[in-house]
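Report on one structure; see the data block that follows.
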Amino acid sequence: MLGGAGLVGANVYASATEGWGDGSGADASGRVLSSGMATIDCPDVGGRLTAVPDAARPEVDRELAALDQQIAAAYQQVRQAGRGGGEDAGSAGETIMKPLEEKRSESIGRIADALGRAGERPRGLDDLAACTLRPGDSGQATGTPDGDGRQGGTGQGQGGAGADQGGSAQGQSGSAQGQSGSAQAQNGAGQGGNGPVVSDYADITAVPPEAPAPPPQADASRGTFTSDCGVNAGGLFNSDNVIVAPGVSNGAHHFHDYIGNQGNNAFASDEDLAKAGTSCADQGDKSSYYWPVLRLQNGTRERDAGAPGGGTEGNAGQIVTPEQVTLTFVGNPRGKVTAMPRLLRIITGDAKAFVNGPGNANASWSCTGYENRQLKDKYPLCPPGSDVVRTFRFQSCWDGRNIDSANHRTHVAFTAADGSCPAGFEPIPQLVQRIVYDVDAPSLADGGRTVPLFAVDSFPEQLHKPVTDHGDFINVFGENLMREMVDCINSGRACGSSADDGSAATPTPTPTATSSATAAPGNGSSEENGGSEQNGGSATSPPAPSASRSGAAPRHDATTSPARTTRHDTDDKAAPAVSAAPRSTPARSAPAPSPAAPSQAAPAPVTAAAYAPPTAAGTEPQASRGGLAETGAHLWPAIGTLLALSGLFMLLRARRMRY
């Protein structure tokens, strides 16, 4: 018994001291603890700019991208200082935070000057220059979910409570006081060194089911339209975001999966998108659907390990190809929907929600078989046989005029709890995006050493928190196909490329109660505002693709047209609309239909930002596995437990024997 217990105890001690990623520990009761990381909390300037004249937009976009680049560079300094252990709060303020404030002040000044030249110079922007060095998580126990299904130590709102929603870092004292050394909490788990941590996960079986949505009214538009655009098996990635950082390479500072339009990168014009190929089965859908990639923190070095947007910004690990992606457009529970305007841009969720606060967070996480239970600020721990499900429900009310807005939010809105749109807005088909991944629940007890943690890519200072998840959509449907979609939804039918062959599941058309205005994100802050790094017209090289679930070979050329075609291949409305006259409003107006526009059949070449890498660029392990220590970690506890039980059995037998 003593020998067996000794083996078990020695192994536990060895495992605890060995560590992987230093992501977790255990207290005296054996509960898993989360170790967080310090981060930089800056007011979101882009979210305040609800009115930007067209003449000022290019310069404003460039400076917003520069602000993100400045934060990313300062965060790298915080991480390095934390590793070295030589920075205290005061010196970090002088060497990192003060120069950051000065750079931000210069960029914000240029934004104000550009706005002043085109109209009225805004007041109060200068107050947004100062940032705060935010301490790490408190290390609360996270092994067992609380009664509401949420585990402690989420990091959401800790050390400042996402203070910059009001325009300043109130509540954070404007300094890094009391942090005992600028970045000493840099011991979070994750291959990139900046998260995730074990407190970012919750057991889906402990999450209470959501309340059912109210029943649709008599005039509801009950139909659905599904577009099958694949799962990005060919590995089309880049770290751009043409919506929020047009013309800026690595504007997102993290990698996106792209399906649908094959020409989306930072430099793509509306005409480029209209001419590009599409991965959608129905060639009338050239829309662009993109979201941050999901990665396994398993030591794999993807091709972007040393590239901006990838490993150099804390986005590391094996990119996971989705098992299934379902794109379904649904109706409105109160009435009919109208057509989306061509080239409408919609962003749902907030890539900066960890420091901005959850006001615009909108991604949901769940597991197959448990989709009546949804998580907003946790990654799900799914039972064996259940897959991870990631869901985006996009805004479904449009202002009737603009295809974009200065903060990329105010031209669209969510419905109220009863399905009604705000005054002046009209209902449009709602995109419901469901992404399924075949990934196992990570082993929290050892910080993901046995079964790796998974997380979405993020801005480096956002620490891979699930609340930062977001999705982007650009409508490049042909007019005929959009008209068919609206008619299908309003007449209560199930249509679309997947509906024809029954190859994909259709989510419930009626939004759940939590996707309504009672829990809907607001319009107060922008999403990604990009980075300033320029590469002379070319974007960051994407990583090597992950293997497709179907076993199909990845494509070598992103411009190759998909083999699947339907009756909409020659949609005569697929060409881009003629540009509208100069806008008097600050928002981007919807282009007028152009019936006489010629057909664009041949796809245009895709720039380097969106090419699919060759299959020869494989992955290599970051560290060897399967050695004696790892084998012993599994073998010796079993032997020790067996010895201890055998000793106990013999002891009990001996006590009953007569001598």
- Rounded to the nearest 0.5 angstrom, the CG-SG distance for L67 and C131 is 8.5 Å

- Query: What are the two closest non-hydrogen atoms of V476 and A274, and how far apart are they?
  - Reply: CG1-CA, 4.2 Å

- Could you label the plane-to-plane angle of the H256 and Y290 rings as parallel, tilted or perpendicular, counting under 30° as parallel and over 60° as perpendicular? perpendicular

- Task: Evaluate the side-chain proximity of E63 to V45: yes if any heavy-atom separation is below 4.5 Å, no if none is.
- Result: no

- For F459, does its backbone N or O pair with a side-chain atom of E313 as donor and acceptor, under 3.5 Å? no

- Query: Between atom OG1 of T391 and atom CD of Q433, what is the distance when rounded to the nearest 0.5 Å?
  - Reply: 9.5 Å

- Under the ring-ring contact (aromatic ring centres under 6.0 Å, His included) criterion, do F477 and F329 qualify, and how do the steps go? CA-CA 12 Å; F477 271 86; F329 295 85; 5.5 Å; yes

- Item | Stepwise salt bridge (Lys or Arg N to Asp or Glu O under 4.0 Å) test for D377 and K465 | CA-CA 7 Å; D377 60 351; K465 298 298 182 184; over 6 Å; no

- Message: In terms of relative ring orientation, are F394 and F473 parallel, tilted or perpendicular, with 30° and 60° separating the classes?
- Response: perpendicular

- Checking N238 side chain against N264 main chain: does a donor-acceptor pair fall under 3.5 Å? yes

- Polar side-chain atom of D240 near backbone of A266 as donor-acceptor pair, under 3.5 Å: yes

- Rounded to the nearest 0.5 Å, the CG atom of L133 sits from the CD1 atom of I40 at a distance of 6.5 Å

- Query: Can D457 and R295 be counted as an ion pair, charged N to O under 4.0 angstrom?
  - Reply: yes

- Query: Should I403 and H411 count as side-chain neighbours, where that means a heavy-atom distance under 4.5 Å?
  - Reply: no

- Message: Please find the pair of heavy atoms, one from P58 and one from D54, that lie closest to each other, and give the distance.
- Response: CD-O, 3.6 Å

- N315 side chain to G192 main-chain N or O, any donor-acceptor pair under 3.5 Å? no

- Could you please spell out the steps behind the side chain to side chain contact (heavy atoms under 4.5 Å, CB included) verdict for V355 and Q462? CA-CA 7 Å; V355 295; Q462 301 297 313; 3.2 Å; yes

- Are side-chain heavy atoms of P292 and D469 found at a separation under 4.5 Å? yes

- Task: Kindly determine whether L344 and V412 satisfy side chain to side chain contact (heavy atoms under 4.5 Å, CB included), including the steps that lead there.
- Result: CA-CA 10 Å; L344 174 70; V412 288; 4.3 Å; yes

- Message: Working note: N402 + D399, criterion side-chain hydrogen bond (donor to acceptor under 3.5 Å, both in side chains); need CA distance, chi angles, decisive distance, verdict.
- Response: CA-CA 7 Å; N402 303 299; D399 68 4; 2.9 Å; yes

- Query: Can you name the one residue among V52, L49, V244 that meets side chain to side chain contact (heavy atoms under 4.5 Å, CB included) with L64?
  - Reply: L49

- Message: Between R434 and V389, is there a side-chain heavy-atom distance shorter than 4.5 Å?
- Response: yes

- Quick check: does any side chain N or O of T468 sit under 3.5 Å from a backbone N or O of S458, one acting as donor and the other as acceptor? no

- Task: State the CG-OH distance between D472 and Y258, to the nearest 0.5 angstrom.
- Result: 8.0 Å

- Message: Is any side-chain heavy atom of I259 closer than 4.5 Å to one of W291?
- Response: yes

- Message: Walk me through whether R57 and D404 qualify under salt bridge (Lys or Arg N to Asp or Glu O under 4.0 Å).
- Response: CA-CA 12 Å; R57 187 180 294 274; D404 201 0; 5.2 Å; no

- Task: Report the C-alpha separation of V78 and E461 in whole Å, then their side-chain angles, then the decisive distance to 0.1 Å, and conclude whether the side chain to side chain contact (heavy atoms under 4.5 Å, CB included) test is met.
- Result: CA-CA 10 Å; V78 169; E461 76 280 0; over 6 Å; no

- Out of curiosity, S288 OG to L343 CG, how far, rounded to the nearest 0.5 Å? 11.5 Å

- Message: Is there a side-chain contact between R117 and E59 in this structure, where contact means two heavy atoms from C-beta onward sitting under 4.5 Å apart?
- Response: yes

- Item | Side-chain (S239) to main-chain (H254) donor-acceptor, under 3.5 angstrom | no

- Message: Against the six-membered ring of F237, is R303 placed for a cation-pi contact (under 6.0 Å from the centre, within 45° of the normal)?
- Response: no

- Message: Is any side-chain heavy atom of Y379 closer than 4.5 Å to one of V456?
- Response: yes

- Query: Are the side chain of N241 and the backbone N or O of A245 linked by a donor-acceptor pair below 3.5 Å?
  - Reply: no

- Message: Could you check whether any side-chain N or O of E101 sits under 3.5 Å from a backbone N or O of M97, counting only pairs where one atom can act as donor and the other as acceptor?
- Response: no

- Rounded to the nearest 0.5 Å, how far apart are CG of N265 and CG of L273? 8.5 Å

- Would S249 and F267 count as a side chain to side chain contact (heavy atoms under 4.5 Å, CB included) if you check the C-alpha gap in whole Å, the side-chain angles of each, and the deciding distance to 0.1 Å? CA-CA 8 Å; S249 177; F267 310 98; 4.2 Å; yes

- Item | Side chain K286, main chain T278, donor-acceptor under 3.5 Å | no

- Item | Heavy-atom pair with the smallest gap, counting every atom of Q70 and S107 | NE2-OG, 3.0 Å

- Query: If every non-hydrogen atom of S396 is compared with every non-hydrogen atom of Q430, which pair is closest and at what distance?
  - Reply: CB-CB, 3.5 Å

- Query: Looking only at heavy atoms, what is the nearest atom pair of A339 and I428, with distance?
  - Reply: O-CG2, 4.1 Å

- Note on the structure: On a heavy-atom basis, the closest approach of A51 and P53 is O-CD, 4.0 Å

- Message: Checking the side chain of T312 only, and the main-chain atoms of A307 only, is there a donor and an acceptor separated by less than 3.5 Å?
- Response: yes

- Task: Please examine the side chains of L294 and I435, heavy atoms only from C-beta on, and report whether any two atoms are closer than 4.5 Å.
- Result: no

